[in-house]
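Notes for the one structure printed next.
The structure displayed is predicted, hence computed values, not measured ones.
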Amino acid sequence: MSGQAPQASLLRARPDHLVVVAGTGTEVGKTWVSAHLAVLARRRGLGVNARKPAQSFDPGDDDAERTDAHVLGAATGEAPSAVCRRNRWYPIAMAPPMAAEALDRPPLLLDDLLDDLSWSPAADLVLVETAGGVRSPLALDGDTIDLCHRLGPDQVVLVADAGLGTINSVRLSAAALAPWPVVVMLNRYDPGVDLHRRNRAWLADRESLGCVTEVEELLDLVLR
């Protein structure tokens, strides 16, 4: 394991596979990838927990059960409030600490998120999905990089779009995540699109990054 050692309380309950699911930005499909990973892992007989330290969303998405916590909970068989504590739901589409401020909620600190973070002792695989890109603020004093330093994940899945601009965003994000093993998931990949094929080849061959396009293949890498 690379990076700073995880907190003792989290270390005691550590699952076989602790994976942070990050993204190169918003709307790249982190939740879709996390949910499909969870479904496939459960089909293999693994106990899976998904965790979202904080979530912000458009007003009304919670009533319509469209939040990330709802999607992830449906995939793992958990209640949405187990995926993300209710006090960390922010019904406004901003980065969580900004959303907390806009809603006149208490200031959101990284220690607050870590204190809330727990999972079942029976979980073989825990997926911790972050918000926004790897440098988007999760709290007033931390982003995905800081969260990784505190958790010490076994693997970081970096979800990226397969299209134009992804090489730049993947290179910047992967460099920031360098202390941890990173596998890139090119989401919405179409083998019939020449740009998608070239992006994948560039990242794999020139950047020497583990780069996959199918969730089944991603799960194999996560569990090895």
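Cluster annotation: Val19 and Val134 are assigned to distinct hydrophobic clusters (Ile/Leu/Val/Met/Phe/Trp/Tyr, side-chain heavy-atom contacts under 4.5 Å, transitive). Leu177 is connected to Leu209 through a chain of hydrophobic side-chain contacts under 4.5 Å among Ile, Leu, Val, Met, Phe, Trp and Tyr, so both are in one cluster. Hydrophobic clustering places Trp32 together with Val183 (ILVMFWY residues linked when any side-chain heavy atoms are closer than 4.5 Å, directly or through intermediates). In this structure, Trp180 is a member of the same hydrophobic cluster as Leu151, with clusters built from ILVMFWY side-chain heavy atoms closer than 4.5 Å.
The two residues Asn199 and Gly163 come nearest to each other via the heavy atoms ND2-O, 3.1 Å. Of all heavy-atom pairs spanning Arg105 and Pro91, the tightest one is NH2-CD, 3.8 Å. Residues Ala162 and Tyr189 come closest through the heavy atom pair CB-CA, 3.8 Å. Across Val126 and Pro15, no two heavy atoms sit closer than the pair CG2-CG, 3.6 Å. In terms of heavy atoms, Pro97 sits closest to Pro137 at CD-O, 3.4 Å. Taking both residues in full, the closest heavy atoms of Gly23 and Val28 are given as CA-CG2, 4.1 Å, listed atom of the first, atom of the second, then distance.
Through chains of ILVMFWY side-chain contacts below 4.5 Å, Leu195 is grouped with Leu164, Val193. Through direct or indirect side-chain contacts shorter than 4.5 Å among Ile, Leu, Val, Met, Phe, Trp and Tyr, Leu72 is connected to Val83. Other members of the cluster containing Phe57 are Trp89, with ILVMFWY side chains joined at under 4.5 Å, either directly or via other members. In this structure, Val71 stands alone, with no Ile, Leu, Val, Met, Phe, Trp or Tyr side-chain heavy atom under 4.5 Å from its own, directly or through other members.
Every residue two or more places apart in sequence or in another chain was checked for a salt bridge (charged side-chain N to carboxylate O under 4.0 Å, His left out) with Asp63, and none qualifies. Among residues two or more places apart in sequence or in another chain, the salt bridge (charged side-chain N to carboxylate O under 4.0 Å, His left out) test is passed with Glu65 by none. With sequence neighbours excluded, no residue satisfies salt bridge (charged side-chain N to carboxylate O under 4.0 Å, His left out) with Glu101. Not counting sequence neighbours, Asp205 has no partner by the side chain to side chain donor-acceptor pair (under 3.5 Å) test. Residues passing the side chain to side chain donor-acceptor pair (under 3.5 Å) test with Asp68 are Thr31, Lys52, sequence neighbours excluded.
When the options Leu125, Val48, Leu37 are evaluated for a side chain to side chain contact (heavy atoms under 4.5 Å, CB included) with Arg42, the one that passes is Val48.
Taken to the nearest 0.5 Å, the CG atom of Leu40 stands 10.5 Å off from the CG atom of Leu46. Here the SG atom belonging to Cys84 is positioned 10.0 Å from the CD atom belonging to Glu129, to the nearest 0.5 angstrom. Separation of atoms NE2 (His70) and CG (Asp61) is listed at 9.5 Å; rounding is to 0.5 Å. Leu158 contributes atom CG, which lies 11.5 Å from atom CG of Asn187 (distance to the nearest 0.5 angstrom). Summarising the geometry, atom CG belonging to Leu108 is positioned 4.5 Å from atom CG belonging to Leu113; distances are rounded to the nearest 0.5 Å. Here the CG atom belonging to Leu114 is positioned 5.0 Å from the CZ atom belonging to Arg150, to the nearest 0.5 angstrom.
Although no hydrogens or angles enter the test, the distance criterion places a donor-acceptor pair under 3.5 Å between the side chain of Ser169 and the main chain of Thr166. For the pair Thr144 (side chain) and Arg135 (backbone), a donor-acceptor distance under 3.5 Å is absent. Between the side chain of Asp124 and the backbone N or O of Gly47 there is at least one donor-acceptor pair closer than 3.5 Å. Checking side-chain atoms of Gln55 against main-chain N and O of Ala69 turns up a donor-acceptor pair under 3.5 Å. Asp143 contributes no side-chain N or O that, together with a main-chain N or O of Ser136, makes up a donor-acceptor pair within less than 3.5 Å.
Using a 4.5 Å heavy-atom threshold, the side chains of Ile92 and Pro59 count as separate.
For CZ of Arg197, the number of neighbouring non-hydrogen atoms (other residues, nucleotides, ligands) closer than 6.0 Å is greater than 12.
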Using residues 211-224 as the side-chain source, report each donor-acceptor pair under 3.5 Å to any protein atom, sequence neighbours left out, with the distance given to one decimal.
residue : atom : partner : partner atom : Å
Glu216  : OE2  : Arg44   : NH2          : 2.6
Asp220  : OD1  : Arg44   : NH1          : 3.0
Asp220  : OD1  : Arg44   : NH2          : 2.8

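Applying the salt bridge (Lys or Arg N to Asp or Glu O under 4.0 Å) test to pairs two or more places apart or on separate chains, none has a residue in residues 25-34. Under the side chain to side chain donor-acceptor pair (under 3.5 Å) criterion, the residue pairs touching residues 71-81 are Asn49-Glu78, Arg51-Glu78, Thr76-Glu78, with sequence neighbours excluded.
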- request: Take Arg88 and Asp112 through the test side-chain contact (heavy atoms from CB on, under 4.5 Å) and record every step on the way to the result.
  value: CA-CA 10 Å; Arg88 305 301 175 204; Asp112 299 329; 3.4 Å; yes

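Ion pairing between a basic and an acidic side chain is recognised when a charged N comes within 4.0 Å of a carboxylate O; Arg14 and Asp154 show such pairing.
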